[in-house]
Amino acid sequence: MDTVTILFHLLLLSLISSSLQLCDLSRAQVMEEMFKDFMVKFNKSYQDTEEQAWRFQIFKENMKEASRLQAQELGTAKYGVTKFSDLTDKEFSRFHLNPGLMQGLPSIKEANWNHGASLYHQEFCDWRKRGVVSKVKDQGYCRSCWAFAAASNIESLWGIMGYPKNVSVQELIDCSKCADCNGGYSWDAFLTVLNQSGLMSEEDYPYKGKKNKLCPKKAKHPEAWIHDFAMLDKDETYMASWVASKGPITVTIQLPPLKHYQDGVVRNRECSPNAAHVVLIVGFSGKRIPYWILKNSWGRDWGEKGYLRLYRGSNTCDITRYPVTAIVEKNPKHINYPCPY
Ligand SMILES: *[C@@H]1O[C@H](CO)[C@@H](O)[C@H](O)[C@H]1NC(C)=O
Ligand SMILES: *[C@@H]1O[C@H](CO)[C@@H](O)[C@H](O)[C@H]1NC(C)=O
Ligand SMILES: *[C@@H]1O[C@H](CO)[C@@H](O)[C@H](O)[C@H]1NC(C)=O
């Protein structure tokens, strides 16, 4: 446990029993210490003492909110100090989508060809253990989770075939007809990849975190491409079989309390219907507490090294709403390794 965590536990204790003597530290002092540690841990600096005082106010509000969430958590998730702890909810909204946008889902085809026949069931699966999931990226101040999840989906499918990739998320943002830094859809990202006949590499077309006016012509030497994309059955058992048999898939969830999430399995009543987020399922477990392993795009200094776990089995945060995946056809000679666990 680092100091910030210890202090947060002290704070929780102090909330439970305000008569508790915390080594002579008052609650206000604990808060101040926590904020100082937070600034060091996440390398925060503010323009002047006025801004710092304002950020400290927000920090205190966020800590109150985190302990409220902690009190009603039914899984194993821990809430507390995160790199977002000095942001207002409005500022934080740059990191997820406006769900108003999510209503216009076109009728995209279902994965109704013979894929179902080759699916198998597994109790655990974690594609990271095969080293086929690319590094967690950071979307920055741009609502581009849809593009990062789609890119990660493509990267993982190529990784499973033995060709690890980093594809250009910026190309997706620049070339999408209906998306930008204010949001988008993973299916639209796949349409864009099909229309571009593939994507350049991240190295050749690096991420800028804002939409450029120009979309480049089709790449002469695309880094990776896809053959199709498909909407999967809205069923958690089916989705798990697909992930185990074929690879990671993108999902759109109602935002759980991720602003304050540190680690553990989230099972919380408060998934916001007013906020949506697109992430990649890279695995799952059926243990005592069943969960999905989700790859996020908020950097490695958030959550479980950039990942979160979400309770599986009761359609938590409406995770079955839009399960979509790219389809990359494998060389028939390719050996199918099962998902490791
Ligand atoms: C910390 O932040 C400052 C300015 O905000 C930056 O110049 C510096 O590189 C950062 N250091 C680390 C380790 O991120
Ligand atoms: C992808 O990018 C990461 C750095 O973010 C790098 O470590 C890795 O080697 C790259 N992988 C490929 C296949 O280019
Ligand atoms: C497909 O790409 C062409 C250019 O190669 C572009 O003119 C067209 O608008 C794109 N269509 C879609 C639906 O993205």
Side-chain angles (χ1 to χ4, degrees), residues 83 101 104-109 127-142 144-209 211-231 247-248 250 278-280 282 294-307 324 326-328 330-331 334 337:
K83 68 172 177 178
L101 197 87
L105 191 78
S107 54
I108 61 173
K109 67 177 152 224
W127 283 110
R128 294 174 299 182
K129 293 189 180 161
R130 178 135 289 141
V132 301
V133 180
S134 60
K135 268 209 185 115
V136 170
K137 316 278 190 330
D138 193 338
Q139 66 187 68
Y141 282 99
C142 169
S144 49
C145 53
W146 58 276
F148 277 94
S152 261
N153 180 235
I154 297 168
E155 287 161 353
S156 305
L157 296 179
W158 279 77
I160 288 171
M161 296 191 298
Y163 308 105
K165 305 282 184 188
N166 290 313
V167 297
S168 173
V169 171
Q170 192 60 43
E171 188 175 356
L172 287 175
I173 296 173
D174 292 348
C175 298
S176 163
K177 285 274 169 284
C178 67
D180 52 25
C181 276
N182 284 317
Y185 313 87
S186 53
W187 56 262
D188 175 60
F190 297 136
L191 268 182
T192 303
V193 180
L194 287 170
N195 193 47
Q196 289 292 105
S197 307
L199 286 177
M200 290 188 219
S201 68
E202 168 65 22
E203 201 180 353
D204 288 346
Y205 197 157
Y207 186 63
K208 295 282 192 299
K211 186 168 175 121
N212 298 311
K213 289 203 178 71
L214 276 182
C215 161
K217 293 231 170 66
K218 287 169 190 171
K220 279 207 187 86
H221 300 290
E223 178 76 356
W225 54 89
I226 66 176
H227 297 95
D228 208 344
F229 66 96
M231 180 98 177
T250 71
V278 189
V279 290
L280 188 76
V282 299
L294 303 177
K295 185 188 185 193
N296 201 356
S297 46
W298 293 347
R300 282 172 59 82
D301 57 352
W302 173 87
E304 297 182 331
K305 295 202 166 71
Y307 291 81
V324 184
I327 305 285
V328 180
K330 287 179 189 156
N331 181 329
H334 179 84
Y337 294 104

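In listed order, ligands and their atoms are each counted from 1. For reference, positions follow the sequence shown, starting with 1.
Side chain to side chain, D188 and S176 meet the donor-acceptor criterion of an N or O pair below 3.5 Å. Remark: the S201 side chain and the E223 side chain contain no N/O donor-acceptor pair separated by less than 3.5 Å.
Using a 4.0 Å threshold on non-hydrogen atoms, atom 9 (O) of ligand 2 does not count as touching the protein.
The atoms of ligand 2 that sit less than 4.0 Å from any heavy atom of N166 are 1 (C), 2 (O), 3 (C), 8 (C), 10 (C), 11 (N), 12 (C), 14 (O).
Closest protein heavy atom to atom 1 (C) of ligand 3: N195 ND2, 1.5 Å. In terms of protein heavy atoms, atom 13 (C) of ligand 2 is closest to P164 O, 3.3 Å. At the shortest separation from atom 5 (O) of ligand 3 among protein heavy atoms lies K218 CE, 3.7 Å.
When side chains are defined from C-beta on, W146 counts as touching I173, because their heavy atoms get closer than 4.5 Å.
Atom NZ of K305 is surrounded by 12 or fewer heavy atoms from other residues, nucleotides or ligands within 6.0 Å.
Here the options are D228, N153, I327, N195, the test is side-chain contact (heavy atoms from CB on, under 4.5 Å), and the partner is F190; only N153 passes.
At a 3.5 angstrom cut-off on N or O pairs, K135 counts as close to ligand 2.
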